[in-house]
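See structure below.
Start at 1 with the first residue, then count along the sequence.
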Amino acid sequence: MCSSDLLALADQSSNAARAMLEDLHQGTAAIALALGAFDGDLAAGEAECRNGALRGTTAFVEGAQTATHFLVFTGAPAGAALVAAGATGMTICATPGLAVPAFSELTFDNTPATQLNIASDVLADVALIARLSCASRALGAAQRAFDLTVEHAKVRKQFGQLIGQFQAIQHKLANCLINLDGARLTIDNAADARDADNLNWRVFAASALAFAGPALRNVSIECHRALGAIGYAEEHEAPRHFRRVHADLARFGGAPRARAELADYVLGPT
């Protein structure tokens, strides 16, 4: 999430923000991003910062185990707060699941924090870029799983034939390639639109997320099936890619949220 962190801090004029940017560039700091109310998942929780004290709970925080600081998006009032790891009143609880390493839940009880004045629309854009980043990472994991599966199909034999000669396997892999190329094109399009300051880049982003979610999940599942039992063995790398794809694509409300955003754009907000 480093690019998202940099975007959130880039326009800040405070000494704390400038010092943090310098530490990030020097590699002496690592920030974990807690989106809270801007996550899109109702279970993500929410925090508020008043008079330099942070209160509340935020979930689905990635990289908490190695972070030197936390950038917490607040909902009341909308803004952000910078918290040092080990700050008093902060509790970190790992929540194991599909994601490796595990996400964490952060609880703040009058935790000292540096409040940053960031507009809510900027916070929403940072959250959307984080969603695209996770979709891009899922694309990389799905591509690696696909490459492993293709190589497996070239050497694995059943009934005296290479499994890559069976049409059932060929069709599955061909569909996977189509899904991978489609996801890559939509994500690249969204990134290009954002870089070009296209006013409709959020629509491109929602379209990419709506397509990439089911497409990359399908790739992951079909690769698992084609790999057979080896795809379920923890000694093999395939299960790690399976978890990565599903964990990244289920975050932030997933494809259903992206479809709802597209519906709002086409039909108007409900």
Side-chain angles (χ1 to χ4, degrees), residues 1 39-41 43 59-60 62-63 94-103 130-191 204-262:
M1 297 296 181
D39 183 279
D41 191 317
F60 312 132
E62 182 177 344
T95 53
L98 277 175
V100 178
F103 294 145
R131 293 164 65 191
L132 281 174
S133 298
C134 280
S136 300
R137 188 168 61 181
L139 171 61
Q143 180 69 60
R144 175 59 179 166
F146 174 76
D147 293 341
L148 290 170
T149 306
V150 170
E151 292 305 312
H152 179 73
K154 294 177 181 178
V155 297
R156 174 64 172 166
K157 287 187 176 182
Q158 285 288 350
F159 309 109
Q161 295 186 60
L162 295 171
I163 63 171
Q165 294 177 318
F166 295 126
Q167 281 192 344
I169 298 295
Q170 293 171 359
H171 292 168
K172 288 180 185 296
L173 294 181
N175 288 335
C176 286
L177 184 59
I178 292 170
N179 284 331
L180 286 167
D181 285 346
R184 183 174 293 104
L185 285 171
T186 57
I187 293 172
D188 284 350
N189 248 7
F204 286 103
S207 300
L209 295 167
F211 177 83
L216 296 179
R217 284 195 191 94
N218 185 68
V219 171
S220 181
I221 291 169
E222 293 296 359
C223 286
H224 238 53
R225 290 170 176 168
L227 285 168
I230 194 174
Y232 296 86
E234 290 298 327
E235 293 80 7
H236 197 274
E237 64 177 280
R240 296 199 296 276
H241 303 311
F242 183 92
R243 290 195 295 270
R244 170 57 63 200
V245 169
H246 285 76
D248 279 347
L249 296 176
R251 299 181 69 182
F252 315 115
R257 180 190 178 192
R259 295 191 194 104
E261 290 168 341
L262 286 175

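Closest non-hydrogen pair, A43 versus A59, comes out as O-CB, 3.7 Å. Scanning both residues, P96 and A102, for their nearest heavy atoms gives CA-CB, 3.7 Å. Across all their heavy atoms, P239 and G231 have their closest contact at CG-O, 3.3 Å. Of all heavy-atom pairs between F103 and F60, the closest is CB-CA, 3.9 Å. L227 and A238 make their closest contact through CD1-CB, 3.7 Å (heavy atoms, listed as atom of the first residue, atom of the second, distance). The shortest heavy-atom contact between P214 and R259 is CG-NH2, 3.8 Å.
In this structure, Q161 CD and R156 CZ are separated by 13.5 Å, a value rounded to the nearest 0.5 Å. To the nearest 0.5 Å, atom OG of residue S220 and atom NE2 of residue H241 are 10.0 Å apart. Within the model, atoms SG of C134 and CG of L139 stand 12.5 Å from one another, a figure rounded to the nearest 0.5 Å. Expressed to the nearest 0.5 Å, how far CG of N179 lies from CZ of R217 amounts to 12.5 Å. We find the CG-CG distance between L249 and L209 to be 9.0 Å, quoted to the nearest 0.5 Å. Taken from OG in S136 to CG in L216, the straight-line distance is 9.5 Å, to the nearest 0.5 Å.
For residues 159-170, no residue pair satisfies the salt bridge (Lys or Arg N to Asp or Glu O under 4.0 Å) rule, not counting sequence neighbours. Under the ring pair (Phe, Tyr, Trp, His ring centres under 6.0 Å) criterion, the residue pairs touching residues 214-237 are H224-Y232, H224-F242, with sequence neighbours excluded. The list of salt bridge (Lys or Arg N to Asp or Glu O under 4.0 Å) pairs with a residue in residues 218-230, not counting sequence neighbours, reads K172-E222, E222-R225.
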Exercise answer: donor-acceptor pairs, residues 147-154 side-chain atoms, under 3.5 Å, sequence neighbours excluded:
from	atom 1	to	atom 2	distance (Å)
D147	OD1	Q143	NE2	3.0
T149	OG1	A145	O	2.7
E151	OE2	K154	NZ	3.3

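No more than 12 heavy-atom neighbours from other residues, nucleotides or ligands sit within 6.0 angstrom of CD on Q167.
In this structure, L173 and F146 have side chains that are in contact, with non-hydrogen atoms separated by less than 4.5 Å.
R243 and E234 are joined by a salt bridge, as a carboxylate oxygen and a charged side-chain nitrogen come within less than 4.0 angstrom of each other. Ion pair R251/E62 flagged as a salt bridge, since at least one NZ, NE, NH1 or NH2 atom sits closer than 4.0 Å to an Asp/Glu carboxylate oxygen.
In this view, D248 and R137, R244 satisfy the salt bridge (charged side-chain N to carboxylate O under 4.0 Å, His left out) rule, not counting sequence neighbours. For A208, the side-chain contact (heavy atoms from CB on, under 4.5 Å) partners two or more places apart in sequence, or in a different chain, are L132, T186, I187, A190.
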